[in-house]
Amino acid sequence: MASIIGVASSPFPTQTSHLLPSRSNSISSLIQLKRDSVRRLLLLRVSCSSRQVGDAETESESKVVLPDTSADTGISAYNWCAALGGIGFLETSYLTFLKLTNSEAFCPVGDGASCGNILNSSYSAVFGVPLPLIGMVAYGVVAILGIQLGQKSRPLGIGEANGRLVLLGTTTSMAAASAYFLYILSTKFTGEFCPYCLASVLLSFSLFVSSIKGLGFQEVQKDVGIQLLIVLLVVSTLNNSYRDSQPTNTGSAMAEMEYFTTEITSESTPFAISLAKHLRSIGAKMYGAFWCSHCQEQKQMFGREAAKLLDYVECFPYGLKKGTYMIDACQEAKLEGFPTWVINGEVLSGEKKLSELAALSGFDMKEELTEAK
């Protein structure tokens, strides 16, 4: 019995002793595999995070450098706009003063008469507004915008983006007008020299380039259509202005002549002297040209002494040359020929007898003699 039990029980412990070690080994291997996989995952996470941090630092460094360069470029360009606009404002202010006071411009270079011919020509006004006055306003706006944009403040209270567009539009119109007048100078005033005109052309083109540099070429490309529209509007306005106000160019049909005076040889009668005084007292004006024979005959009717008493306006004081037109005073009077009288607001063309002038002006010789007594 005992032997049977011993023999029968002996196999079980032996089988158990073989199975337990194999299970423990498999469990430990699984645990080790899990630990290795966890370590690998941790290493991968650490390496990925380090790469992301490095990429972020590289991107941040590149982003920091670029804005500084563009900012410096913008400030420099707008400072140039402010400086050039200020110079242009001073120049046009001086020319506006001369225009409003009918004074002669000082020309440091070239012939002084050339400056007068151009600055007093019919091209010196747009629809009756003096061109220097328009330029003074434009240069003033550019100078103010340049200062405020350079300081990164709200220009004229319209915001920085809108201020840049206004600056670009203003300088575009100025450059278009300068190109137009440069063409007029080269075709209508050949041989003439005007340093003020050329200086204004140079300033306008420089301001246009500076405004493009400040805004950026890519931004300017987006507004090319608006710029072309501004150019067409400026050229169309100037063409219409000069087409409507331009009188007949007498110089194109006649030879060029230097200004000269003709001596009045006839003696003045008491009636002519009294009539001349009366015409001047009521503001009557006689418009004429130095080359006009009918104007000389009209003066001869008054005589030497009486002719000096007339309020006579010479429409070509700088001579008759190609591209030279009447002075502003004659253009505003809308003359149709020479001589032309303006008496009590009435425009009278052609040569008039002294008796006609007396009747038209309400001159009474008897009353004049009575008052003289």
Side-chain angles (χ1 to χ4, degrees), residues 77-78 80-100 105 114-146 156 163-190 192-215 220 223-246 323-325 328 331:
Y78 294 131
W80 273 110
C81 287
L84 295 175
I87 295 173
F89 180 79
L90 293 176
E91 179 201 6
T92 50
S93 297
Y94 169 69
L95 295 178
T96 301
F97 171 77
L98 296 178
K99 193 72 174 177
L100 297 178
S114 298
C115 282
N117 289 340
I118 298 173
L119 296 176
N120 294 312
S121 68
S122 58
Y123 292 102
S124 61
V126 179
F127 290 113
V129 181
L131 189 60
L133 181 60
I134 299 175
M136 184 176 69
V137 174
Y139 281 119
V141 170
V142 169
I144 294 173
L145 288 173
L156 302 177
R164 290 179 178 181
L165 291 178
V166 171
L167 178 62
L168 179 63
T170 304
T171 56
T172 300
S173 62
M174 294 170 68
S178 295
Y180 182 91
F181 289 119
L182 191 61
Y183 168 77
I184 295 297
L185 285 174
S186 61
T187 56
K188 303 294 185 181
F189 297 94
T190 54
E192 304 285 346
F193 182 77
C194 177
Y196 298 106
C197 307
L198 297 179
S200 183
V201 169
L202 180 61
L203 288 172
S204 297
F205 284 127
S206 299
L207 285 169
F208 177 62
V209 173
S210 297
S211 63
I212 290 179
K213 183 180 178 183
L215 187 61
V220 172
D223 302 317
V224 170
I226 298 177
Q227 289 179 276
L228 292 176
L229 182 62
I230 292 174
V231 171
L232 292 176
L233 181 62
V234 169
V235 174
S236 176
T237 301
L238 293 175
N239 278 331
N240 291 332
S241 173
Y242 297 133
R243 182 183 60 190
D244 296 339
S245 64
Q246 204 66 270
T324 302
Y325 296 89
D328 293 343
Q331 292 184 46

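Quantities reported herein were computed from a predicted structural model and do not represent experimental measurements.
Put simply, the side chain of S236 never gets that close to the backbone of L233: no donor and acceptor are under 3.5 Å apart.
A pairwise comparison of heavy atoms in G169 and I230 identifies CA-CD1, 3.7 Å as the closest pair. Nearest heavy-atom pair, C81 versus S211, reported as atom, atom and distance to 0.1 Å: SG-N, 3.9 Å. Closest approach of G85 and A143 over heavy atoms only: C-CB, 3.9 Å. Closest approach of S241 and A125 over heavy atoms only: OG-O, 4.1 Å. Residue Y196 comes nearest to A105 through the heavy atom pair CE1-CB, 4.2 Å, listed as atom of the first residue, atom of the second, then distance.
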Taking it one step at a time, do Y242 and V126 satisfy side-chain contact (heavy atoms from CB on, under 4.5 Å)?
CA-CA 7 Å; Y242 297 133; V126 179; 3.7 Å; yes
Check the pair L84, W80 against side-chain contact (heavy atoms from CB on, under 4.5 Å), reporting the backbone distance first and the verdict last.
CA-CA 6 Å; L84 295 175; W80 273 110; 4.3 Å; yes
Can you check side-chain contact (heavy atoms from CB on, under 4.5 Å) on L98 and L95, steps first, answer last?
CA-CA 5 Å; L98 296 178; L95 295 178; 4.3 Å; yes
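With a 4.5 Å cut-off on side-chain heavy atoms, V234 and T237 do not count as touching. Two residues are said to be in side-chain contact when any heavy atoms from C-beta on lie closer than 4.5 Å; L145 and Y78 fail this criterion. With contacts defined as side-chain heavy-atom distances shorter than 4.5 Å, the pair Q227/F208 qualifies. Using a 4.5 Å heavy-atom cutoff, the side chains of I134 and T92 are not in contact. Using a 4.5 Å cut-off on side-chain heavy atoms (C-beta onward), V142 and M174 make contact. Side-chain contact between N240 and F127 is present, with at least one heavy-atom pair separated by less than 4.5 Å.
The distance from atom OH of Y183 to atom CG of L238, rounded to the nearest 0.5 Å, is 13.5 Å. A distance of 13.0 Å separates OG1 in T171 from CG in L203, rounded to the nearest 0.5 Å. Taking CD1 from I184 and SG from C197, the interatomic distance works out to 12.0 Å, rounded to the nearest 0.5 Å. Interatomic distance, T172 OG1 to L165 CG, rounded to the nearest 0.5 Å: 10.5 Å. Atom CG in L133 sits 12.0 Å away from atom OG in S124 (nearest 0.5 Å). Here the CG atom belonging to L207 is positioned 12.0 Å from the CG atom belonging to L168, to the nearest 0.5 angstrom.
Side chain to side chain, S200 and Y139 meet the donor-acceptor criterion of an N or O pair below 3.5 Å.
In this structure, Y123 has its ring center at least 6.0 angstrom away from the ring center of F181.
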